[in-house]
Amino acid sequence: MDKDNPRLDVDPETMRAMGHAMVDMVVDHWSHMHRRPAAVTRDAASLRAILREPLPEAPGDWQETLAMAREHIFESMGQIAHPRFLAFVPGPSNAVAALGDILTTGYNTAASLWRETPGPVEMELAVLEWLRELVGLDPACEGIFTSGGSVANLTGIAAGRTAILGEDMAGAVAYCASQTHSSVARGFRILGFARSQLRAIAVDAAFRIDLAALEAAIAADRAAGLRPFCIVANAGTTNTGAVDPMDALADIAAREGMWLHVDGAYGGAAALVPAGRALLGGMARADSVTIDPHKWLFQPYEAGVSFVRHPGLLERTFASNPEYLQDVAGSMLEVNPADRGIQLSRGARAFKMWLSLKLLGARAFRAAVQQGIDNGEMAEDLLRRSGRFEIVTPATLAVITFRFVRPGFDGAAADRLHRRIVDALLADGYAFVTSTELGGRTCLRFCTINPRTTQEDLAGTIDRITAFGDAVPAGDAP
Ligand SMILES: Cc1ncc(COP(=O)(O)O)c(C=O)c1O
């Protein structure tokens, strides 16, 4: 960068050198990740002092800036693709897709309007067909790539509103299990529904929606003159991996003339393998389905997908046709993704998935999904064999919840103990593990969808949990 002649472009040689250095950084990261910490703690004040610099007016030195970015940005974070990142829902990602994003951004690729960028649009439509086939959805499904599961849920619910309610939301009511991801309630709110228009239905002992409670709620609302219009089903809850009874919900929705949306953001990918597909049976009957490739389909952020099983409905919900786009109006063959969702300008998020499916093949994806399920069962086996843990919910779609058992620590003291363990794990860095609450009690949770997680990773994490749990002073018990 020329300090005396500031301009927006770099010469090709500098660009090439910077690009090679960045690719080297990424390749080093991928090849050494397993040996590095999964969790990182940084002190907020010191990190802020480094990063909240005055606006840089003059050109900077690219090598120094890259070194700073490596240390204070990319290595100052929990590594979400790390084999021992077992918290929340990990993003295991894959290296081919990560490189694919370089091309997508390098060409400043858009996939909004067919006539503007036909190749990227047609590629996205192809990937949607591959994905539909991979998870076994109805060939009538049309879809759209989104930023992630939250927007995919919002997209499916918006399509359901168009189909069942049209413009009139008065008295409309929707239903979901109390274990449903918070993005669903947020989606309803963004779409203009009042909080009271979404009912959180009780769950059974396995954290699945209670069908009798659902039917009673629908009947009571109808009797009160309200308009039940939508059921949201979970294809894998975030907390426990629970799968709502899809076929029964599809029957209820059909009988009641309601929309069935399935949130498969994390669990829908399990349909790639027979064990998962058996659990998710009936998902294909849904009117709309969310799948989140940046979770269990190994794509870097961001990539979500919304499928809707009613051709043309996405366009009926989202197309706006302003005069300045009159030259690029879509047709049956020339699809405009901008008419199928909430974004006009949108990147070609599907490309990383196109590249990784082409270069790695669908069989690798199926094996990786199965590995995640197997890892959950391996973790459960290790926890049971250690004799120090109580299993709260068994491994289901690669999620297991459990409690560390320490005599003298009960009730609130046990809850505090688990939060102390999480703090100690974060400070240690070996693994990234978080807690949740089930039945009012704090427990630990593993989400094992990363196929690179080994038995040694799981055993090492469980050993640390035990050691940190035993190290909490006995005086912390009441
Ligand atoms: C079941 C479920 N639904 C929706 C979401 C939201 O997805 P995103 O974070 O991609 O917006 C998540 C995220 O973990 C999830 O687990």
Side-chain angles (χ1 to χ4, degrees), residues 25-41 70 74-99 236 238 241 266-267 269-270 272-273 276 292-301 303 352 356 360 363-383 385-386 389 395-402 421-422 424-436 444-468:
M25 241 169 99
V26 174
V27 174
D28 283 350
H29 168 66
W30 274 89
S31 29
H32 301 311
M33 188 166 14
H34 215 145
R35 275 173 273 133
R36 291 189 173 156
V40 166
T41 45
R70 180 204 292 252
F74 298 113
E75 293 183 2
S76 287
M77 64 181 214
Q79 298 298 341
I80 302 174
H82 194 290
R84 292 187 298 275
F85 188 100
L86 303 167
F88 316 119
V89 178
S93 191
N94 82 78
V96 168
L99 294 176
T238 317
Y266 116 79
L272 264 71
V273 298
D292 219 0
H294 66 201
K295 295 186 169 65
W296 211 351
L297 285 170
F298 317 108
Q299 300 304 306
Y301 297 115
K352 53 197 162 195
S356 43
L360 306 171
R363 278 199 300 249
F365 281 75
R366 292 197 192 92
V369 169
Q370 185 60 50
Q371 188 63 53
I373 293 177
D374 294 347
N375 283 346
E377 285 161 13
M378 196 194 305
E380 179 174 343
D381 188 47
L382 291 168
L383 288 163
R385 278 199 279 135
S386 111
F389 295 92
T396 310
L397 297 186
V399 170
I400 176 159
T401 61
F402 54 96
I421 292 173
V422 170
L425 283 164
L426 282 180
D428 174 71
Y430 175 80
F432 203 130
V433 176
T434 43
S435 66
T436 188
L444 300 176
R445 175 181 166 285
F446 286 166
C447 183
T448 61
I449 59 173
N450 191 327
R452 303 172 204 102
T453 306
T454 62
Q455 178 162 8
E456 194 190 337
D457 291 321
L458 293 169
T461 304
I462 292 168
D463 285 350
R464 279 167 177 79
I465 293 173
T466 309
F468 296 144

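All values derive from a computational prediction rather than experimental measurement.
Contact annotation: the side chain of Phe402 approaches that of Ile465 to within less than 4.5 Å [non-hydrogen atoms, C-beta and beyond]. Using a 4.5 Å heavy-atom cutoff, the side chains of Trp296 and Leu272 are not in contact. The closest side-chain heavy-atom distance from Leu444 to Ser435 is below 4.5 Å. The closest side-chain heavy-atom distance from Thr436 to Thr238 is not below 4.5 Å. A heavy-atom distance below 4.5 Å is found between the side chains of Arg464 and Leu425. Proximity of Met33 to Arg452: side-chain heavy atoms (C-beta onward) are nowhere separated by under 4.5 Å. A heavy-atom distance below 4.5 Å is not found between the side chains of Ile80 and Phe88. No side-chain heavy atom of Pro83 sits less than 4.5 Å from a side-chain heavy atom of Thr454.
Under a 3.5 Å cut-off, the side chain of Glu380 and the backbone N or O of Ala395 do form a donor-acceptor pair. Listed for the Gln299 side chain is no donor-acceptor partner under 3.5 Å among the backbone atoms of Gly91.
The two residues Thr434 and Ala87 make their nearest non-hydrogen contact at OG1-CB, 3.3 Å. The minimum heavy-atom distance between Ala431 and Thr461, with the atom names listed, is CB-OG1, 3.5 Å. Smallest separation of non-hydrogen atoms from Leu297 and Ala269: CG-CB, 3.9 Å.
The aromatic rings of Phe85 and Phe432 are tilted relative to each other, their planes meeting at an angle between 30° and 60°.
Within a 6.0 Å sphere centred on CD of Gln455, heavy atoms belonging to other residues, nucleotides or ligands number 12 at most.
In summary, of the residues considered (Asp457, Asn450, Thr453), a side chain to side chain donor-acceptor pair (under 3.5 Å) with Arg84 occurs for Asp457 alone.
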